[in-house]
J.: 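Structure provided below as C-alpha cells; questions to follow.
Here is the naming used below: chain letters follow the sequence lines, and residue numbers restart at 1 for every chain.
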Amino acid sequence: MSAITVRLPDGSTKELDGDVSAGALARSIGSGLARAAVAAVVNGTEVDLSAELADGAEVSIVTAATPAGRDVIRHSTAHVLAQAVLRLWPGARYAIGPAIEDGFYYDFELPGGAHFSDDDLVRIDAAMREIIAEDQSFVRSEQSIDDALGVFVDQPFKREIIEAVRDGADEHDAAQSEDADRAISAYANGADFIDLCRGPHVPSTGRLGHFKLTRVAGAYWRGDEKRPQLQRIYGTAWESTKALAEYLNRLEQAERRDHRKLGAELDLFSFPEEIGPGLAIFHPKGGLLRKIIEDYSRQRHLDAGYQFVTSPHITKRELFDTSGHLVWFAEGMYPPMVLDEGQEYYLKPMNCPFHMLIFKSRQRSYRDMPQRYFEFGSVYRYERSGVVHGLTRVRGMTMDDAHLLCRRDQMHGELTRTLEFVLDMLRAFGLSEFYLELSTRPEGKAVGTDAEWREAESTLREVATASGLGLQDDPGGGAFYGPKISVQARDAIGRTHQLSTVQLDFQTPQRFDVAYIGADNGRHRPIMIHRALFGSVERFLAILLEHYAGNLPTWLMPEQFRVLPVRDDHHEYAAHVAAQLHQRGLRGTLDEASEPLGGRIRKAKLDKLPYVLVVGDDDVAHGTVGVNRRGGSDPERGVAVRALADEMDAQVAAHGAPETAAD
RNA sequence: GCCCGGGUAGCUCAAUGGCAGAGCACCCGCCUUGUAAGCGGGCGAUAGGGGUUCGACUCCCCUCCUGGGCUCCA
C-alpha cells in the first residue's frame, strides 16, 4: 500500500502510510483527537472513521462534542435502541430512527399490535447497555436495490424506503439516486442486527452509553394519519455523562418556567374542567396583566394610525361561505348553531370577513387608502382534542388582529411599515433576537395568478431583506390566498417562537368583491394585509411568562410593590406610603402585620414582587422606606419615598430588560 | 382523532384490596414582629358513572379532564 497525502482544515497536509483510514489520520494527529473522533468529513461528505482516504483528499475529523458529532452519536444510539427492541420483541418491524434536536427516536411496529409501556423503557435500556458493553462494531455494507430488498424481506417499512430510493420518489434521496450504482448502504453490528442507513456511525457501540430513554409515543408512519400508527421511543444521547446531566438539567429549568405552572403559582389563570379543554379563565392578576399588555398595544396602534373596530363572535354561515372558510377551514371551526327556522350561525375562527364588511360599509376612494383596521378579536377554533396545550394552543383566544387594505402602489410601503411596527412592539416587550421566515406558494392548493404570486412573494422578500434580519425560506408554507412573513423570536433560554405574521392576500378582497374608486374614476381591487402581532394575547402572555421565568419587568407586573409594616402601629404610615405610590400611577398593596415580617417577605418574594417595601419606626420618623428589590443582593434602608417613586417610574418607563435568573 | 402516561383537600405529595394522612393555602385564636417560613386550633379530598369483591384510592369497563407524542425524512 502506497503512502497518501491528505489536506486538513487548517491547510496543512499529512502523510499516511499503510492504514489510510480516517481513524488512522486522527490517531496520527493526536491521541486526544483519536479519542474524541466519531466520524470524518471527506471532500464535504460525512464518512465513517473506517473509510479509506484517497490521495489528495480534504479531510476533517468530526469530534463527539460538536453538533455533527452528537448527530452521529444519537443516530448510532438509535440503532442500538432498535437492536435492543428486536432482541426483546422478536418479529418486531422497525421503521425509521433519526437523530433529532437533542436526541433521537425510533419507530416500531410490534408483533401482535403490542404497545410499549413506560416499564418497557427500563428493559430496553438494560438491553441497550448490554449491547454497548459488548462493544460491537458498526460495519458498513453497500448493495444493489434488489439485494437490499432481499436483506429486508420481512421489513415492509425498510422495503418501502428502498423502493422510494429506487423510484426516486423521495425528493431528498434524489442526490443519492444520481450515484452511478444507486447503491443502498446498511450497517450491521453484531450478527443479529442490520439496519438501512446512510451513516456515518461511531466505530463501535462501546463509544456510546451517555443516553436516556425519555418517553414512548404513538407516531404515524411518515407522519400520515391514514398510515399505520407506530410505536415511537424517544431518547437523548450525549458525548459524556456531564453533557447528558447538563441537558437533563436544562429540561428541568424549562419545566420551572412552564407558563402553566407559573400561571397557577402567580394566580393568573386556570383551565377549569367545568369549562372544557383549551378554554382559560383569567383571574384578577392575570386579567390585570392582560389589560396592561392590551392597553399598551392599543396606544401604540392608535399612534401608528390604526382604526379601532369591533365585530361579533357569531355570524350567519353565508359570511364564511363567502370568505371561503367553510371550504378551507371547516375542520378548524366549531359546528354551527341552528337558529330561527334553520338559519346556521357559526362561532368565528377569524376576524377578517368582518373587517371586509367594514370596508364595504360605504364607498371608498383611493384617497381613503390605506384603511388599517385593528381589533382584539376573540375567536374560537375547534382544535383537535390531543393538541391543546396551556395558553399556547387553545380553543378560544383573542387575536390582536389587523387588516390593512391598500392600493397596489402602497403595498411595499405598508408592508415595510407594518414589519417595523411589529418588531418595535416586540422589542418593547423585551424580545430582541429575531429572524424572519418567508412562506411561499403552496403548490397545488393556491388561488390567484402566477403574476400575482410572483409579485407578492418578491415584494415580501424585498421587505424582509430590507429589515436586515436573517431570512429563512419556508417553501410552500404560505396560505392558499397568499404568502407571508413570520417573525420568529428567540427567548431567554434560546427557544424560538413564531410570533407575528404578516400575510398578503389578494383572494379575500375578490371574494367579497370589495373595491375603491381610483383617480381614474374606475373600480379597483385593494390589496389586503393580514397581520397578527402577538398572535394571540394568551399565547403571547405565555411566551412572556416563560421568557422572564415569571419575573415580569416592573411595567408589566400586575403588583409592582407591596408595603409591609413591621408592627401594626405602622399601618397608618404604610397606607400613606402606598397612597403616595398609587398617586404616581404605580400598582401595589399593603400586607398588614398579622404575621411576622419574615413570613410576609417570603410570600412577597415567591410572588416575584419587583419591590418589597418594609416600613418601621425609623421610616415613620424620617419619611422613608426599606426597599427590597427583586434580584438585588441586600435590602436598602432609609430610602425617601419620593426617591423610590422616581426610581420605580424610571424603571417602568424603561420597560426593563429580562431578568434571566432561574427564579 | 390516535398511541403511552396521569387524575387523592385550593396547591404539592403519602396510603399490600382492609380506619384516607401530611405540609402549604384558607378560617379562628395567641404572638407585635426590621428583610425568605412564629405558635396552637379548625375547615377541607379519592374526577364522574358502572362492574368484580365480604370489603376498592388500589383491579376491570365507559366518560370527562390532564401531561408527552403524531413534518423533523434509511
J.: Please step through side chain to side chain donor-acceptor pair (under 3.5 Å) for the pair Q83(A) and Q136(A), ending with a clear verdict.
T.: CA-CA 11 Å; Q83(A) 186 178 2; Q136(A) 304 174 359; 2.9 Å; yes

J.: What nucleic acid atoms does S594(A) come within less than 4.0 Å of, heavy atoms only: base, sugar-phosphate, or nothing?
T.: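 Counting heavy atoms under 4.0 Å across all strands, the contact made by S594(A) includes a base.
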
J.: G5(B) P sits how many Å from H115(A) NE2, rounded?
T.: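 Taking NE2 of H115(A) and P of G5(B), I get 9 Å after rounding.
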
J.: What is the separation between atom NZ on K226(A) and atom P on G1(B), rounded to the nearest whole Å?
T.: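 For the pair K226(A) NZ and G1(B) P, the rounded distance is 17 Å.
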
J.: Remember a base hit wins even if backbone is also touched, and classify A148(A) as base, sugar-phosphate or nothing at under 4.0 Å, heavy atoms.
T.: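 Nothing: the residue A148(A), judged by heavy atoms under 4.0 Å, touches no strand.
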
J.: With a 3.5 Å distance limit and no angle check, can you tell me whether D607(A) reaches the backbone of L609(A) through a side-chain donor-acceptor pair?
T.: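 Judged by distance alone, no pair lies under 3.5 Å.
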
J.: Just N and O in the side chain of H389(A): are any of them under 4.0 Å from OP1 or OP2 of G69(B)?
T.: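 Answer is no, no contact under 4.0 Å.
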
J.: Spell out yes or no: do the side chain of Y220(A) and the base of G1(B) have one donor N/O and one acceptor N/O closer than 3.5 Å?
T.: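 Yes.
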
J.: With rounding to whole Å, what would you report as the distance between A45(B) and U63(B) at their P atoms?
T.: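 Taking atom P in both A45(B) and U63(B), they lie 28 Å apart.
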
J.: So, D195(A) side chain and C197(A) main chain: donor-acceptor pair closer than 3.5 Å or not?
T.: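 No; zero donor-acceptor contacts below 3.5 Å.
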
J.: If you measure from the C1' atom in A56(B) to the same atom in U16(B), how many Å do you get, rounded?
T.: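 One C1' to the other, the span is 13 Å.
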
J.: Pull out every residue in residues 265-275 of chain A that has a heavy atom closer than 4.0 Å to any atom of RNA chain B, ordered by number, or say none.
T.: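 Residues of residues 265-275 of chain A that come under 4.0 Å of RNA chain B are, in numerical order, E273(A).
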
J.: Is there a side-chain contact between R600(A) and P565(A) in this structure, where contact means two heavy atoms from C-beta onward sitting under 4.5 Å apart?
T.: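 Yes, side chains in contact.
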
J.: Hey, is the side chain of K603(A) poking within less than 4.0 Å of OP1 or OP2 on A25(B), counting only N and O atoms?
T.: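 Yes.
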
J.: Just to be sure I understand the rule, does H75(A) reach a base, reach only the sugar-phosphate, or reach nothing, if contact means heavy atoms closer than 4.0 Å?
T.: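 The answer is sugar-phosphate, as H75(A) gets under 4.0 Å only of primed atoms, P, OP1 or OP2.
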
J.: Given the P atoms of G10(B) and C27(B), what is the spacing between them in whole Å?
T.: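 Those two atoms are separated by 15 Å.
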
J.: Output yes when R222(A) and D224(A) qualify as a salt bridge under the 4.0 Å nitrogen-oxygen rule, no when they do not.
T.: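 No, no charged N to carboxylate O under 4.0 Å.
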
J.: Nearest whole angstrom, please: distance from the P of U35(B) to the CZ of R567(A).
T.: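 Atom CZ in R567(A) sits about 14 Å away from atom P in U35(B).
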
J.: Does the T77(A) side chain pair with the main chain of A237(A), one donor and one acceptor, at a distance under 3.5 Å?
T.: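 No, the answer is negative, given that no donor and acceptor are paired below the 3.5 Å cut-off.
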
J.: Under 4.0 Å from OP1 or OP2 of G67(B): is there any side-chain N or O of R260(A) that close?
T.: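 Answer yes for this pair, as a side-chain N or O of R260(A) is under 4.0 Å from OP1 or OP2.
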
J.: Just checking G598(A): base, sugar-phosphate only, or nothing, at a heavy-atom cut-off of under 4.0 Å?
T.: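 The answer is sugar-phosphate, as G598(A) gets under 4.0 Å only of primed atoms, P, OP1 or OP2.
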
J.: Figure out the CZ/C1' separation between R384(A) and C70(B), and round it to whole Å.
T.: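 Between C1' of C70(B) and CZ of R384(A): 8 Å.
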
J.: Which is true for D634(A) with a 4.0 Å heavy-atom rule: it touches a base, it touches only sugar-phosphate, or it touches nothing?
T.: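 The answer is nothing, as D634(A) stays clear of every strand by at least 4.0 Å.
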
J.: If we take the P atom in both A15(B) and C28(B), what is their distance in whole Å?
T.: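 34 Å, rounded to whole Å.
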
J.: Determine the interatomic distance between P on U58(B) and the same-named atom on C19(B); round to the nearest Å.
T.: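 That atom pair is separated by 14 Å.
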
J.: Indicate yes or no: does E265(A) engage K608(A) in a salt bridge with an N to O separation below 4.0 Å.
T.: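 No, this pair does not count.
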
J.: Find the distance D224(A):CG to C72(B):P and express it as a whole number of Å.
T.: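 Going from D224(A) (CG) to C72(B) (P), I get 12 Å.
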
J.: Check whether the side chain of D619(A) and the base of G34(B) form a donor-acceptor pair under 3.5 Å.
T.: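 By the distance-only test, yes, there is a pair.
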
J.: What does G223(A) touch in the nucleic acid at a heavy-atom separation under 4.0 angstrom: a base, only the sugar-phosphate, or nothing?
T.: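 Answer is sugar-phosphate: G223(A) comes under 4.0 Å of backbone atoms only.
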
J.: Quick check: does any side chain N or O of T236(A) sit under 3.5 Å from a backbone N or O of K212(A), one acting as donor and the other as acceptor?
T.: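 No: the side chain of T236(A) does not pair with the backbone of K212(A).
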
J.: Given a 3.5 Å cut-off on both pairing distances, which stems involving RNA chain B, each at least three consecutive Watson-Crick or G-U pairs, are present, if any?
T.: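 Listed by first number, the stems are B:1-7 with B:64-70, B:10-13 with B:21-24, B:26-30 with B:38-42, B:47-51 with B:59-63.
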
J.: Does K605(A), at its NZ atom, have more than 12 non-hydrogen atoms belonging to other residues, nucleotides or ligands within less than 6.0 Å?
T.: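 Count over threshold, so yes.
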
J.: Once you round it to whole Å, what is the distance between P of C73(B) and CD1 of I96(A)?
T.: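 My rounded result for the distance is 7 Å.
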
J.: Which part of the nucleic acid does F157(A) contact within heavy-atom distance under 4.0 Å: base, sugar-phosphate only, or nothing?
T.: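 F157(A): no heavy atom of the nucleic acid under 4.0 Å.
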
J.: Using a heavy-atom cut-off of under 4.0 Å over every strand shown, decide if P635(A) touches base, sugar-phosphate, or nothing.
T.: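 Result for P635(A) = base.
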
J.: May I have the distance from R395(A) (atom CZ) to U66(B) (atom P), rounded to whole angstrom?
T.: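 Between P of U66(B) and CZ of R395(A): 9 Å.
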
J.: Assuming nearest nucleotide by heavy-atom distance, tell me which of V627(A) and D569(A) is located more 5' along RNA chain B.
T.: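 The residue whose closest nucleotide sits nearer the 5' end is D569(A).
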
J.: Base, sugar-phosphate, or nothing for G599(A), non-hydrogen atoms under 4.0 angstrom?
T.: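 The residue G599(A) makes sugar-phosphate contact but no base contact.
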
J.: Mind calculating the distance between CZ (R222(A)) and P (C72(B)) to the nearest angstrom?
T.: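 These atoms are roughly 10 Å apart.
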
J.: Got a donor-acceptor pair under 3.5 Å from the side chain of Q229(A) to the base of C2(B)?
T.: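 Counting by modelled atom types and ignoring angles, a donor-acceptor contact under 3.5 Å is found here.
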
J.: Are the side chain of H259(A) and the backbone of L391(A) linked by a donor-acceptor contact shorter than 3.5 Å?
T.: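 Pair found, side chain donor or acceptor close to backbone of L391(A).
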
J.: Would you measure the distance from the P atom in C60(B) across to the matching atom in G6(B) and give it in whole Å?
T.: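 Pairwise P distance, C60(B) against G6(B), rounds to 11 Å.
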
J.: When you measure from the side chain of R87(A) to the backbone N and O of A127(A), does any donor-acceptor pair fall under 3.5 Å?
T.: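 Pair absent, no side-chain N/O of R87(A) close to backbone of A127(A).
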
J.: Does a side-chain N or O of Y234(A) approach OP1 or OP2 of C70(B) to a distance below 4.0 Å, or not?
T.: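 For Y234(A), the contact criterion (side-chain N or O under 4.0 Å from OP1 or OP2 of C70(B)) is met.
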
J.: So which one's nearest nucleotide on RNA chain B is more toward 5', L597(A) or Q231(A)?
T.: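 Checking each residue's closest nucleotide, the 5'-ward one belongs to Q231(A).
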
J.: Between R637(A) and D619(A), is the closest basic N to carboxylate O distance under 4.0 Å?
T.: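 So D619(A) does not pair with R637(A) through a salt bridge.
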
J.: Looking only at atom P, what distance separates G55(B) and C2(B), rounded to whole Å?
T.: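 To the nearest whole Å, 34 Å.
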
J.: Please measure how far the P atom in A47(B) lies from the corresponding atom in G7(B), and state the result in whole Å.
T.: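 Taking atom P in both A47(B) and G7(B), they lie 8 Å apart.
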
